[in-house]
Each structure stands twice: as C-alpha cells, then as structure tokens.
Amino acid sequence: MGDFRRSVVYQIYVRSFFDTDGDGVGDLRGVTAKLDYLHELGVDYLWLTPFFRSPQRDGGYDVADYRAIDPLYGSMDDFDELVAEAGRRGIGIMLDMVFNHTSTDHEWFRRALAGEEKYRDYYFFREGKPDGGAPTNWQSKFGGSAWEYVPQLGMYYLHLFDRTQADLNWENPEVRRELCDVVRFWMGRGVKGFRFDVVNLISKGAFEDDPDPDGDGRMFYTDGPRVHEFLRELNRESFGRDPEIVTVGEMSSTSMENCFLYAGEDSGELSMVFSFHHLKVDFVGNEKWVIVPTDFARLKSLLFGWQKGMAEHGAWNAVFWCNHDQPRVVSRFGDEGEYWRESAKMLAAVIHGLRGTPYIYQGEEIGMTNAGFTRLDQYRDVESLNHFKILRDRGLNEESVYNILKVHSRDNGRTPVQWDGGKNGGFTAGEPWIEVNPNSRIINAKTQLRDSGSVFSFYRELVRLRKRYDVFAYGDFEPLTPEHPHVIAYRRCWNGETLYCINNFFRAETVWRCPEGERLDGCRVLLSNYPSVQPACEWTLRPYESAILLKC
Ligand code: TEU
C-alpha cells in the first residue's frame with residue numbers, strides 16, 4: 001500500500017473467487033481464506049466487485065442497498081474480518097461503487113414508483129414523445145431502448161444498462177450527498193480505496209435524439225457537461241479527506257483529454273482511470289458482437305498514444321488486459337495451445353512494464369482461458385443472454401451466435417478460479433453457479449505455486465520487480481519501433497535506470513532491430529519467458545518471446 005504508482009491491484013469477482021459455504025457462490029470468507037495466496041503474489045490492494053444487497057440481475061452491479069452485504073456473500077462481520085486480516089498482510093481493500101445507477105429494487109426507486117416526489121427526482125423520469133414513444137432514441141448498453149415505461153406513472157425512466165438498473169440523477173444535490181455518505185460509511189470501516197463504476201456517464205446533458213443513425217445516445221452523456229465538477233465535489237466531500245485513499249474511475253468510451261482531468265495529478269478528481277480503447281481492437285467500431293481479427297497496429301498505437309499522452313500531462317493510467325467484463329487475455333491475444341505459457345507471460349510483461357498501476361484480474365496470474373461454452377444454458381450474463389436474442393432476431397443462425405458469444409461473452413472472464421485439479425477446480429464443494437472450465441485439471445493455482453517456471457511465478461516476479469526498481473513506477477515512456485508489425489517494444493528511464501520491455505506478440509519468429517541510438521549491451525535480463533535470452537541489436541525473437549532488460 002502507500003504510493004499507488006508503486007502498487008499492484010488485484011481484482012476479485014467475489015462470486016467466482018472461492019466459496020466457503022458450499023452454496024456454489026464465492027463469498028467474503030473465501031477472500032479471507034485466500035489472503036496468504038494473494039500475499040504471496042505480492043499485491044497491495046484488492047478491488048472487490050460489488051457484494052452489496054442486490055437482486056443480482058447484473059452480478060451485483062444492480063445495488064439495492066449500498067450499506068448492506070448481500071447474504072449470498074456473507075455478513076458485515078465477515079467483511080470486518082477481511083479488512084483486518086488483509087490489513088495485517090499490508091493489503092488494502094478497494095470497494096466498487098456503482099453510482100451511475102441503482103437497482104430498481106433500491107428503496108429510493110421503490111419510493112419513486114410509489115409516487116414520492118422527492119425520490120422521483122433521484123432518477124430521470126420523463127414523458128414520452130407526443131406519439132407515446134420513448135423520450136429519446138438512446139439505446140441501453142445491454143441492448144434495446146434505454147427507456148422503460150412505467151404505466152402507473154405514465155412516464156419513462158432512463159437506464160443506460162439493464163432495465164433494472166435505473167440511472168441516478170446527479171443534478172440533484174440530495175443524490176450527490178447520499179452518495180458521499182456511502183463513501184464515508186465505507187471509509188469508516190477501514191476501506192483503502194474505491195473503484196467508481198462507469199463514472200464518466202453520471203452527467204447526462206441534454207435529452208435529445210442521437211442524430212447519428214448508428215448512434216446510441218452516448219455523445220450526450222459520455223464525459224458529460226458537469227462530470228468534472230461532480231467528481232471534484234465527491235472527492236472533496238468524501239475520499240479526498242483521507243490522502244491515503246486510492247481511487248480509480250471506470251471510463252466508458254472516454255476521451256484522453258477528459259482523462260487528463262479525471263486522473264491529473266492536481267485536478268482533485270481521481271488517482272487513475274481505466275480506459276478501454278485498446279480493448280476494442282477486435283470490434284468493428286463500438287460493435288463487439290462480431291468476429292474480426294485483432295488489429296495489432298491499432299492496439300499498439302492506442303497503448304502507446306495513451307502512455308505518451310497521459311505521461312505528458314502528468315495523468316495516471318490503470319493498466320490492464322482483463323476484468324470481469326472482458327474475455328481472458330491469453331485466449332484473446334495469446335495462444336491457448338502450444339504457447340499458452342509463453343504467451344500468457346508475454347502479455348503480463350507488456351502490461352507490467354507500462355507506466356501506470358497494473359491490475360491483475362483473478363485467474364489471470366495462472367493463465368486462465370475463456371469458458372469454452374457451447375450451449376445457451378451455460379451462460380449466465382444478462383448482456384450475453386440479451387444479445388443471444390438480439391443477434392438471432394437480426395437473422396444470424398444459432399451457430400454463428402454461439403461462435404460470437406464464445407469469443408466476446410463476459411462470462412469468459414467469470415468462470416470460477418481454478419485453485420486445484422480436483423472437483424470444481426477446488427472452487428466449491430457444492431454446485432458452482434457457473435461451470436468451471438474443465439481445463440482446471442491442468443491450469444490451476446496449486447500446481448503453479450510450486451513451479452518456478454509457472455505463469456504465477458512470472459506474475460509474482462513482475463510484482464516484485466516493481467517494488468525493487470523505481471523505474472517501473474516513475475520512469476517516463478518512450479515507444480520503440482512503433483511501426484514493427486509484430487513487436488511491442490518500449491523504453492522507460494528514471495534516475496539512472498533504463499528499462500527495456502521487448503515482446504513478440506505473435507506465434508511466428510520475428511526479427512527486431514534495435515533503433516539507432518539505443519544500446520542493449522550492458523543490459524541485464526531482469527525477466528523473460530524463455531530460459532536463455534540473448535539481447536542483441538538484431539534480435540530474432542522466438543514465438544511470443546518477451547524480455548525485460550535493465551541498465552543502471
Ligand atoms: O461496465 C461498464 C461497461 O460499459 C462495460 O464494460 C460493459 O460491460 C460493456 O460495455 C458491455 O459490452 C461496468 C461494470 O464493469 C459491468 O460489469 C456492469 O455490468 C456495468 O458497469 C453496469 O454497472
């Protein structure tokens with residue numbers, strides 16, 4: 001803990017982490033039970049996805065009470081114990097604040113529906129168009145209209161996500177006060193950080209039709225007119241009162257210019273941001289329900305562009321490949337087969353060498369792969385289930401839809417953590433809420449912990465290196481060979497330390513020539529994914545070969 005630039009955050013999707021009571025769902029005690037494992041990995045913070053009272057329509061991102069723990073995950077005592085036990089190991093707990101919307105089961109929404117004026121103004125209730133249609137043509141991110149009609153009120157309410165996730169009206173100062181109180185409540189229980197869900201969508205702007213025929217309305221509410229003002233207020237009135245608190249905002253379709261403010265050193269908003277542009281390189285525009293090859297040139301230019309831009313403005317990135325909304329990176333950009341191990345390590349090195357705070361998503365550190373589901377009844381995610389129907393309605397045949405879900409479904413990242421090679425991968429003694437990947441017999445934490453060549457050992461080493469060499473935290477960022485068709489290479493410098501991170505992103509061998517003026521001789525190999533590495537100015541990199549070099 002401490003300086004977030006030196007820290008590594010580990011994300012826990014509690015539902016799928018470790019189940020201690022045999023109900024097939026991971027729980028808070030499950031997190032406590034695995035603290036020694038996390039300590040061994042060396043991470044500083046645990047970001048826990050929402051475990052608050054919720055009908056679980058969207059895996060807990062539909063919160064019905066921000067101050068209560070859903071019995072599915074345990075009790076407040078379990079939570080207090082987790083905070084204390086993590087603290088004893090120097091690990092801080094970060095909570096996930098879903099403040100753009102609440103569940104329609106939340107008391108505020110229920111009272112709004114019951115006709116209480118005060119609470120109606122907590123949300124966006126609007127009259128329909130003269131023809132009775134929705135107030136605007138905005139689309140929900142989970143498919144369909146972003147407006148739901150409430151017959152008893154004769155009005156629509158806004159939901160940018162599922163129709164059970166009603167958007168909160170941040171224009172209302174009462175709402176903002178309530179949310180600050182929630183943050184302070186958890187600070188009082190020893191929490192050390194917060195992740196704010198889709199926090200760049202909180203200021204809605206004008207309710208007008210999107211003029212773009214392919215538009216979904218995001219131009220009106222993404223990085224909206226008052227978002228910076230709202231964030232500064234939240235900072236001032238809650239977490240900013242404790243300088244130790246670390247914050248990260250999840251930014252949906254944001255712009256870099258806005259991130260200079262969200263995560264600027266002195267802008268009084270957040271410590272850092274997640275942006276997702278580099279994870280849309282296998283989409284067509286914003287459309288993810290397609291199968292297209294990864295645009296490597298674009299991936300690299302986005303990563304490099306954000307690294308340079310944020311560094312120049314003294315703003316801070318969260319750097320990551322994986323979370324509970326993304327497919328597994330080794331399946332996505334690496335290799336599930338022969339080079340599974342090499343590619344998982346290479347992908348890790350690319351991220352951990354960058355300027356920013358690295359996030360490891362549960363199971364990434366053991367190279368977990370996509371779910372491999374082939375039937376609809378294996379899926380659980382509301383977005384995937386909605387899109388199954390939407391894509392079928394668009395005329396795609398079943399097989400094509402299954403192929404798309406197999407690549408892009410959020411459930412790919414939500415199968416249970418594979419702890420050992422036994423039943424259910426050691427996740428639960430009961431019936432898991434979502435199927436465990438059958439490759440848990442081969443890919444699991446238990447075997448990797450005792451293998452110095454494992455993916456786990458590689459991640460542990462990356463975390464250690466960050467603590468040992470300041471260049472990881474404080475170094476500048478300089479792209480190398482940006483035009484190379486197969487290699488991601490960059491250099492970082494700080495206080496007499498020079499770090500090179502050189503990675504073959506592909507399965508085929510490739511030749512990499514060191515740019516003029518760079519000298520690799522005299523460099524030490526800090527870490528690599530092949531047993532013997534020979535840095536050279538004309539270097540033939542083996543499949544997925546990766547090396548981190550240091551000169552000091
Ligand atoms: O996600 C926000 C978000 O926009 C996505 O990553 C979304 O899942 C993706 O665009 C769908 O294609 C956050 C949470 O991480 C996600 O789990 C929630 O479902 C969502 O907000 C709503 O709270």
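Indexing begins at 1, ligand by ligand and atom by atom, following the structure's order.
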query: Is there a nitrogen or oxygen of Lys141 sitting under 3.5 Å from a nitrogen or oxygen of ligand 1?
result: no

- prompt: If you measure from each non-hydrogen atom of Arg195 to ligand 1, which part falls under 4.0 Å: side chain, backbone, both or neither?
  reply: side chain

message: Show me which atoms of ligand 1 lie under 4.0 Å from any heavy atom of His101.
response: 22 (C), 23 (O)

Geometric N/O contact Asp325 with ligand 1, under 3.5 angstrom: yes

- prompt: What atoms in ligand 1 come closer than 4.0 Å to a heavy atom of Arg410?
  reply: 7 (C), 8 (O), 16 (C), 17 (O), 18 (C), 19 (O)

task: Using protein heavy atoms only, decide if any is under 4.0 Å from atom 15 (O) of ligand 1.
output: yes

- line: ligand 1 atoms nearer than 4.0 angstrom to some heavy atom of Phe142 are 19 (O)

- prompt: Can you check whether Phe505 and Phe296 have ring centres sitting under 6.0 Å from each other?
  reply: yes

query: Between Asp62 (side chain) and Gln165 (backbone), is there a donor-acceptor pair under 3.5 Å?
result: no

message: To check you understand the geometry: which heavy-atom pair defines the closest contact between Ile434 and Gln378, and what is its length?
response: CG1-O, 4.1 Å

query: Which heavy atom of the protein is the closest neighbour of atom 2 (C) of ligand 1, given with residue, atom name and distance?
result: Val198 CG1, 3.2 Å

Pair Phe333 + His278: ring centers closer than 6.0 Å: no

query: What atoms in ligand 1 come closer than 4.0 Å to a heavy atom of Arg414?
result: 17 (O)

query: Looking at Phe274 versus Tyr359, is the centre-to-centre ring distance below 6.0 Å?
result: yes

- prompt: Are there more than 12 heavy atoms of other residues, nucleotides or ligands under 6.0 Å from atom CD of Glu287?
  reply: yes

query: Under the side-chain hydrogen bond (donor to acceptor under 3.5 Å, both in side chains) criterion, do Tyr459 and Glu364 qualify, and how do the steps go?
result: CA-CA 9 Å; Tyr459 270 88; Glu364 179 187 339; 2.8 Å; yes

message: More than 12 heavy atoms of other residues, nucleotides or ligands under 6.0 Å from CD of Glu171: yes or no?
response: yes

message: Looking at non-hydrogen atoms alone, which of Leu279, Thr49, Asp58 comes nearest to atom 18 (C) of ligand 1?
response: Asp58

message: Tell me the contacting part of Phe276 for ligand 1: side chain, backbone, both, or neither, using a 4.0 Å heavy-atom threshold, strictly below.
response: neither

message: I want to check a possible cation-pi pair here: Lys34 against Trp419, using under 6.0 Å from ring centre and within 45° of the ring axis as the test.
response: yes

Shortest protein heavy-atom distance from atom 11 (C) of ligand 1, along with the residue and atom involved: Glu383 OE2, 2.6 Å

- prompt: Which residue supplies the protein heavy atom nearest to atom 13 (C) of ligand 1, what is that atom called, and how far is it?
  reply: Asp197 OD1, 2.9 Å

